[in-house]
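Letters A, B, ... are given to chains in the order of the sequence lines, protein chains preceding strands, and every chain is numbered from 1.
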Number of protein chains: 2
Amino acid sequence: MDAMNTESTETNAGRSPAAGPDGAPDDGLEDVVFDVFARGCPSRPTMEHVTGRWGGLVLVALADGDMRFNALRRRVDGISEKMLAQALHALERDGLVVREVKQAIPPNVEYRLTEFGSGVVERLSGLVEFVEANMAGVLAAQQRYDEAKAAAEA
Amino acid sequence: MDAMNTESTETNAGRSPAAGPDGAPDDGLEDVVFDVFARGCPSRPTMEHVTGRWGGLVLVALADGDMRFNALRRRVDGISEKMLAQALHALERDGLVVREVKQAIPPNVEYRLTEFGSGVVERLSGLVEFVEANMAGVLAAQQRYDEAKAAAEA
DNA sequence: CGGTATCCTGCGCGATACTG
DNA sequence: CAGTATCGCGCAGGATACCG
C-alpha cells in the first residue's frame with residue numbers, strides 16, 4: 001500500500017480505477033486500491049468501527065461464540081444500551097456481524113461473526129493480547145514519563 | 001496543557017489471578033492480569049491510544065521508518081497539528097514511541113518506535129491490510145444493508 | 001522547523017423513559 | 001428480552017494565532 005496525497009482539496013476516496021490517459025485495458029473494477037492514510041477512503045470509517053472504543057470489544061467478545069444482546073452488554077463492561085445498539089448496527093452494516101432473529105416470545109436474537117468478521121477478530125485479539133501482556137511495561141513507562149515531566153517544572 | 005484522559009474512578013483494574021484468601025505467597029506484583037473487558041482496567045485507555053482514530057495511523061506510519069513531525073502530518077492525511085501532538089504525547093507516555101531531539105537550528109526532532117511499539121505495529125498493520133483487502137466486500141455489504149433498510153420503510 | 005495556547009462547535013455518549 | 005426515542009452535558013477535535 002502506498003501513499004496517495006491529495007493535499008489540495010476535497011475528499012478523495014479509494015481512488016476509482018481512474019482511466020489512464022492512454023488506452024490501457026480498462027476493466028474498471030477490482031483493482032481499486034484502498035488506503036487508510038487517505039482522508040476520504042471508505043476504509044477509514046470501517047477501521048474506526050473495528051478499532052473504536054466499543055466496536056473492537058464487541059467483536060472480540062463474539063469470538064467466544066454467538067451472543068445475545070444483554071449477554072454482550074454484560075460482557076462488555078461499561079457499555080450503554082445505546083452504544084451497544086449503535087456498534088452492532090455499524091458492524092452489521094459493514095458485514096462483520098450477522099443478526100439472527102428467532103421468532104418467539106420472549107424475543108430471541110443472536111449475533112454472530114461472519115467469516116470476514118472472524119478474520120478481523122483473529123488479528124484484533126492478537127493485538128489485544130499483546131497489549132495486555134505488556135501492560136506492566138506500559139505502566140512503568142507512564143510513571144517515568146510523568147515523573148520526568150513533573151521534574152521539568154519547578 | 002491538555003489533560004487528555006480523565007481516567008480516574010475506582011473499579012478494580014487488573015485483578016490478581018484468583019488470589020484466594022489463603023496464605024499463598026503474596027508478592028502482590030507482576031502476576032496481575034489485565035483485562036480490556038473490565039471497565040477500570042488501565043489497558044482500556046492504552047488500547048484506545050493504539051486503536052483510536054489517529055494513534056493507530058501514526059504508529060503504522062512510523063513502521064516505514066523514523067519520521068519528523070511535519071512528515072507525519074503530511075503522511076496522516078487530515079490530522080491537525082493539535083491532534084498529532086496529542087497522539088504523539090500519549091504514545092510516548094505509553095512507551096510505544098520515543099522522541100529524539102537533535103539540537104540544531106532549525107530544530108530537528110524525530111519519532112521512532114520502541115521495541116514494544118514495533119510489536120504493536122506489526123499486529124496493527126496486519127489488521128489494516130486485512131481490512132483494506134476486504135473493503136470491496138464491505139462496500140457491497142453496506143449497499144445491501146442500506147437497500148434492505150430502505151425497502152423496509154414504505 | 002516543531003510545536004503550544006486559546007477559543008468554539010458538533011456530536012459522542014450516558015441517563016432516562018417508552019414500545020413490542 | 002430487545003431494543004428505539006429524546007434530551008442534554010462535556011469533551012473531542014478543528015481553526016487560528018503565537019513562540020523558541
* Base, sugar-phosphate, or nothing for R99(A), non-hydrogen atoms under 4.0 angstrom? -> sugar-phosphate
* **Cluster link V128(B) to L72(B), ILVMFWY, side chain under 4.5 Å** => yes
* Structure fact -> Bend of the helix from dC1(C)-dG20(D) to dG20(C)-dC1(D) from end-axis comparison, five pairs per end, nearest 10°, comes to 50°
* Below 4.5 Å, heavy atoms only, C-beta onward: do F34(B) and V138(A) meet side chain to side chain? -> no
* Asked: How long is the line joining CZ of R44(A) and P of dG13(D), in whole Å?
  -> 12 Å
* Structure fact -> Rounded to the nearest 0.5 Å, the CG atom of L96(B) sits from the CD atom of E115(B) at a distance of 12.5 Å
* **Approximate separation, where rounding is to 0.5 Å, of T46(A) OG1 and R93(A) CZ** => 8.0 Å
* **Whole-Å distance separating the CD atom of Q103(B) from the P atom of dG3(C)** => 12 Å
* Output yes when at least one side-chain N/O atom of R68(A) is less than 4.0 Å from OP1 or OP2 of dC1(D), else no. => no
* Send over the distance from L84(A) CG to dA5(D) C1', rounded to a whole Å. => 17 Å
* What is the distance, rounded to the nearest whole Å, between atom CD1 of I105(A) and atom C1' of dA2(D)? -> 13 Å
* Structure fact -> Taken to the nearest whole Å, CD/E92(A) to P/dA2(D) is 15 Å
* Asked: Over how many whole Å does the gap from E110(A) atom CD to dG3(D) atom P extend?
  -> 11 Å
* Measure the spacing between OG1 of T51(B) and CE of M47(A) and express it to the nearest 0.5 Å. => 8.5 Å
* Q142(A) vs D94(B) side-chain heavy atoms within contact, under 4.5 Å -> yes
* Please state how far atom CZ in R73(B) lies from atom P in dG14(D), giving the value in whole angstrom units. => 10 Å
* Structure fact -> Atom NZ of K149(A) and atom P of dT4(C) are separated, to the nearest Å, by 7 Å
* Between H89(B) and dT4(C), does any side-chain N or O lie under 4.0 Å from OP1 or OP2? -> yes
* Per-nucleotide protein contact string for nucleotides 9-20 of chain C (B base, S sugar-phosphate only, - none; heavy atom under 4.0 Å) -> ----BBB-B--B
* Structure fact -> Hits for salt bridge (Lys or Arg N to Asp or Glu O under 4.0 Å) against E129(A), two or more places apart or cross-chain, chain-then-number order -> none
* Is there side-chain contact between R112(B) and V97(B), with heavy atoms separated by less than 4.5 Å? -> no
* Asked: Would R75(A) count as a cation-pi partner of F37(B), with NZ or CZ less than 6.0 Å from the six-membered ring centre and within 45° of the ring normal?
  -> yes
